[in-house]
There are 2 protein chains.
Amino acid sequence: MNDTFKALADPTRRQIIRLLKERDMTAGEIADHFAMTKPSISHHLSSLKQAKLILDERQGQNIVYSLNTTVVQDVMGWFLEIIGDRKPEKE
Amino acid sequence: MNDTFKALADPTRRQIIRLLKERDMTAGEIADHFAMTKPSISHHLSSLKQAKLILDERQGQNIVYSLNTTVVQDVMGWFLEIIGDRKPEKE
DNA sequence: TAGATATTTAGATGATTGTCTAAATGTCTA
DNA sequence: TAGACATTTAGACAATCATCTAAATATCTA
């Protein structure tokens with residue numbers, strides 16, 4: 001869970017997640033959306049992958065990345081737990 | 001939003017949030033839950049406060065902290081946006 | 001198999017972060 | 001007002017992080 005939150009702490013990585021929300025993409029396609037070198041994006045992808053927020057699959061020369069909604073839902077669960085079940089504010 | 005995610009990236013700060021989920025607490029009470037100096041906890045509280053995840057109010061010598069559920073809900077919205085409205089996985 | 005393309009790994013560097021001790025600030029009470 | 005208590009601010013330091021360039025790996029195709 002800590003890896004997940006740390007992965008979400010960077011704006012580039014959150015943007016990558018939003019891109020993959022739309023459709024699966026190759027590493028190159030993802031990199032094209034940023035003013036940053038490909039190695040830097042690769043590093044971010046590796047961080048997201050370690051957090052299991054995304055999945056990768058080689059397809060020929062490309063590596064295609066996709067969102068792992070299961071883990072995104074786990075993080076959501078953490079927040080639901082915080083919001084729900086609270087002591088009443090007043091009275 | 002970036003401040004919020006960065007604030008959530010640290011396990012101590014997430015634990016503070018879980019403590020405040022149960023009830024409002026003074027800085028000292030919060031610090032008592034951790035094997036860390038009071039200045040360090042104060043630093044974490046300041047980070048959570050900057051992210052607007054918690055609110056503070058002085059009561060005499062103490063400063064009482066409480067959870068700001070509004071912002072927690074904003075973060076939840078971010079996740080809902082990612083999970084919902086996706087392209088179907090198959091067929 | 002050689003060259004081209006896609007991607008990652010390695011290594012370096014400056015910036016940010018989490019923690020500490022020491023000192024400062026704010027508040028209460030005798 | 002002096003001293004005690006609660007908390008924060010300041011300054012330092014080691015660890016982690018985001019980024020870069022250069023080099024390595026993997027795959028395809030002529």
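Labels below follow one simple rule: chain letters A, B, ... track the order of the sequence lines, proteins then strands, and each chain is numbered from 1. For the numbers below, each heavy atom of this structure counts, side chains included, while hydrogens, waters and symmetry mates do not.
Between B:Asn62 and the phosphate of C:dT27, there is no side-chain N or O to OP1/OP2 separation shorter than 4.0 Å.
Put simply, the side chain of A:Asn62 never gets that close to the backbone of A:Val64: no donor and acceptor are under 3.5 Å apart. With hydrogens and angles ignored, the 3.5 Å screen pairs a side-chain donor or acceptor of B:Arg58 with a backbone N or O of B:Gly60. A donor-acceptor contact shorter than 3.5 Å is absent between the side chain of B:Thr69 and the backbone of B:Val72. Judged by distance alone, the side chain of B:Arg13 and the main-chain N or O of B:Lys6 form a donor-acceptor pair under 3.5 Å. Judged by distance alone, the side chain of B:Asn68 and the main-chain N or O of B:Leu55 form no donor-acceptor pair under 3.5 Å.
Among all heavy-atom pairs drawn from B:Leu53 and B:Val71, the shortest one is CD2-CG1, 3.9 Å.
Mapping A:Leu45 and A:Gln61 onto DNA chain C by nearest heavy atom places A:Gln61 closer to the 5' end of the strand.
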Report summary line: With sugar-phosphate taken as primed atoms, P, OP1 and OP2 and all else as base, the protein-contact string of nucleotides 14-21 of chain C at under 4.0 Å (heavy atoms; B, S, -) is ---SSBBB
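Among the protein residues, A:Tyr65 comes within range of the sugar-phosphate backbone only, with heavy atoms under 4.0 Å from sugar or phosphate atoms but none that close to a base. Looking at heavy-atom distances under 4.0 Å, A:Ser46 makes no contact with the nucleic acid at all.
First and last contacts of DNA chain D with chain B, using any nucleotide atom under 4.0 Å from a protein heavy atom and ordered 5' to 3', fall at D:dC5 to D:dT9.
Ring-plane geometry between A:Phe79 and B:Phe79 is classed as tilted, the angle between the planes lying from 30 to 60 degrees on a 0 to 90 degree scale.
Interatomic distance, A:Tyr65 OH to A:Leu48 CG, rounded to the nearest 0.5 Å: 9.5 Å.
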